[in-house]
Amino acid sequence: MRSTNSTARSGVYLTLYHPRSLCSPAPLPDLPFSTILVHDNSRVTFFEARLSKNSSTHPGSLNQELATIPLYPGTSVGTANYVTRIGLGTPSTSYVMVVDTGSSLCWLQCLPCSVSCHEQAGPIFDPKSSSTYRQSSCTTSECSALESATLNPSACSRSNICIYDATYGDGSFSLGYLSRDTLSFSRSSFPNFIFGCGQDNEGLFARTAGIIGLARNRLSILYQLAPSLGRTFSYCLPSTSSSGYLSIGSTKTGQYCYTPMVSNSLDASLYFLRLSSISVNGQPISVSSSSYVSLPTIIDSGTVITRLPSAVYSALSKAVVAAMAGAPRAPAYSILDTCFKGSSSTLKVAAVSLTFQGGATIKLSANNVLIDVTSSTTCLAFAPATSVAILGNTQQQSFSVLYDIGNSRIGFAAGGCQ
């Protein structure tokens, strides 16, 4: 896909908002943090299923016409993901979208919402209002590519229009017609962008219009824009009190420390890396080096709490508790079992560093180590993993993270945003 504006070669820069920020164009409802952790666990379970050989992500069969497809209520990945704005259609209209490195297909809600649309901020996309909108037939290459992007087979309507089915681990989904239209940003536009035009969208998507998929797949926004911008993107995930960015294309690569992307045949679309050591107050935690590689590890923008192999988590928890011996303990909170009375801003928090294969090291701030779960309790923002380890977004906050797919590496730089 080629841009209609030559300035796009310098890259596309978008503002990112924390899902619980008051500045977000589609803020989350006022949910207790325990609810967010329930959704977080569901997302992790979804990744575990994807990495198993015999996973099945859809709760029922896909019928051939939208009006006859059964409803499956659920909640979505939207509770933990960061959001931004894109433009779509001719004339262009702005839509608030979830940004997700764990998804491939881009989709948004579309009129006439034949089955169901959730409440969203701003207008729902109306294909009839765009002069450049086109539906994709069942014989197109993008229709054939849907199964690798969504893990579900495509279907065909009676009028030969390709039907997509994007499902998520907690039962939420979007289902509709595969389509093309012009994607636009402030200074550039990209015609014939492939996306899902959702007619049945179920789940808690934080009033967003849909999802921008950044995974390693030909239907993701990254790969569709690659002919103009290259296969590189970076972001900085902000705190609730600031804004961050998503940049697709041009990046100053010299400022980063890098770790290799690790290949994994279980799911070629996800971003795998290898954690090699953790230190607390400058001392490596007491665990064998083989424990770090006992499970595959992915980096994900939508998982809140980092999951570690059980032995690594246990050693980290013990080291943090020892380093914060003067801090009063609090009872476990949901999946978090290492908790303290107070907040990350008032306690003297242990200094934790994560080192990855190749030597790339990130030194975590107090807000990357502990997460405030109530007004009087803060917990270690890590949990034990079952079958896949995940570097979550709490630990990524305020760092610039670069995905350099062409050179198969992931970079980290401190101070990307606050």
Side-chain angles (χ1 to χ4, degrees), residues 12 14-20 24-26 28 36 39-47 49-51 57 74-86 95-109 118 120 148-152 164-174 183 193-196 198 201-225 233-238 244-248 267-272 298-305 388 390-394 396-397 401 403 405 410:
V12 167
L14 305 173
T15 301
L16 276 185
Y17 299 92
H18 191 285
R20 290 184 289 142
S24 171
L28 275 177
I36 293 174
H39 296 311
D40 204 46
N41 247 5
S42 296
R43 184 176 178 89
V44 172
T45 300
F46 182 47
F47 283 129
R50 284 174 62 174
L51 295 177
T57 60
T75 51
S76 81
V77 294
T79 57
N81 285 40
Y82 291 74
V83 300
T84 191
R85 290 184 180 272
I86 64 166
Y95 300 96
V96 181
M97 304 285 284
V98 166
V99 173
D100 186 14
T101 59
S103 299
S104 296
L105 181 69
C106 303
W107 63 265
L108 82 170
Q109 301 194 115
H118 59 262
Q120 73 173 58
S148 68
T150 65
L151 306 183
N152 293 314
Y164 77 91
D165 178 21
T167 56
Y168 303 95
D170 51 11
S172 61
F173 65 92
S174 173
L183 176 70
F193 179 73
I194 301 165
F195 67 100
N201 315 285
E202 302 281 341
L204 179 62
F205 289 96
R207 299 183 68 226
T208 62
I211 289 179
I212 296 173
L214 281 164
R216 302 171 72 177
N217 182 276
R218 61 163 289 191
L219 293 186
S220 75
I221 190 172
L222 174 68
Y223 278 66
Q224 289 194 63
L225 271 52
F233 71 95
S234 62
Y235 58 64
C236 183
L237 306 180
Y245 69 84
L246 168 65
S247 177
I248 303 175
D267 192 328
S269 69
L270 298 176
Y271 296 99
F272 291 85
I298 64 172
I299 180 172
D300 179 46
S301 65
T303 300
V304 177
I305 302 299
V388 57
I390 303 173
L391 179 62
N393 61 35
T394 299
Q396 296 178 58
Q397 275 184 23
V401 183
Y403 294 72
I405 289 84
I410 296 172

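- In this structure, OH on Y164 lies 10.0 Å from OG1 on T150, to the nearest 0.5 angstrom.
- In plain terms, the two heavy atoms of Y245 and S234 that are nearest each other are CE1-OG, 3.7 Å.
- A donor-acceptor contact closer than 3.5 angstrom links the side chains of Q396 and Y235.
- The two residues A209 and W107 make their nearest non-hydrogen contact at O-CZ3, 3.8 Å.
- The distance from the CG atom of L225 to the CD1 atom of I248 is 6.0 Å, given to the nearest 0.5 Å.
- Interatomic distance, F46 CZ to L51 CG, rounded to the nearest 0.5 Å: 10.0 Å.
- With hydrogens and angles disregarded, no donor-acceptor distance shorter than 3.5 Å links the side chain of S220 to the backbone of R216.
- L222 has its side chain out of reach of Y403: every pair of non-hydrogen atoms, C-beta onward, lies at least 4.5 Å apart.
- For the pair R43 and F47, the cation-pi criterion (under 6.0 Å, within 45° of the ring axis) is not fulfilled.
- Under the 4.5 Å side-chain criterion, counting only non-hydrogen atoms from C-beta, Y82 is in contact with H18.
- In this structure, R85 and P25 approach most closely via the heavy-atom pair NH2-CB, 3.3 Å.
- One N or O on the side chain of N393 and one on the backbone of S301 form a donor-acceptor pair closer than 3.5 Å.
- Applying side-chain contact (heavy atoms from CB on, under 4.5 Å) to F233 and the options V12, I221, T101 leaves one that passes, T101.
- N217 is linked by a side-chain contact (heavy atoms from CB on, under 4.5 Å) to S104, S148, A149, L219, counting only residues two or more places apart in sequence or in another chain.
- Taking the side chain as every heavy atom from C-beta outward, L214 and L246 approach each other to under 4.5 Å.
- Here the straight-line distance linking atom OH of Y223 with atom OG of S269 works out to 9.5 Å at 0.5 Å rounding.
- Put simply, the side chain of L391 does not reach to within 4.5 Å of the side chain of I298, judged on heavy atoms.
- In terms of heavy-atom proximity, H118 sits nearest to Q109 at N-OE1, 2.7 Å.
- For the pair L108/M97, a side-chain contact is recorded, criterion being any heavy-atom separation below 4.5 Å from C-beta on.
- The closest side-chain heavy-atom distance from V401 to I410 is below 4.5 Å.
- A side-chain N or O of N201 and one of S174 form a donor-acceptor pair less than 3.5 Å apart.
- Smallest separation of non-hydrogen atoms from G102 and R50: O-NH1, 2.7 Å.
- Side-chain contact check for L183 versus Q224: every heavy-atom pair is 4.5 Å or farther apart.
- The distance from atom CG of N41 to atom CD1 of I305, rounded to the nearest 0.5 Å, is 10.0 Å.
- To the nearest 0.5 Å, the span separating CG on D165 from CG on L105 amounts to 10.5 Å.
- Residues passing the side-chain contact (heavy atoms from CB on, under 4.5 Å) test with T84 are L14, L16, V99, I212, sequence neighbours excluded.
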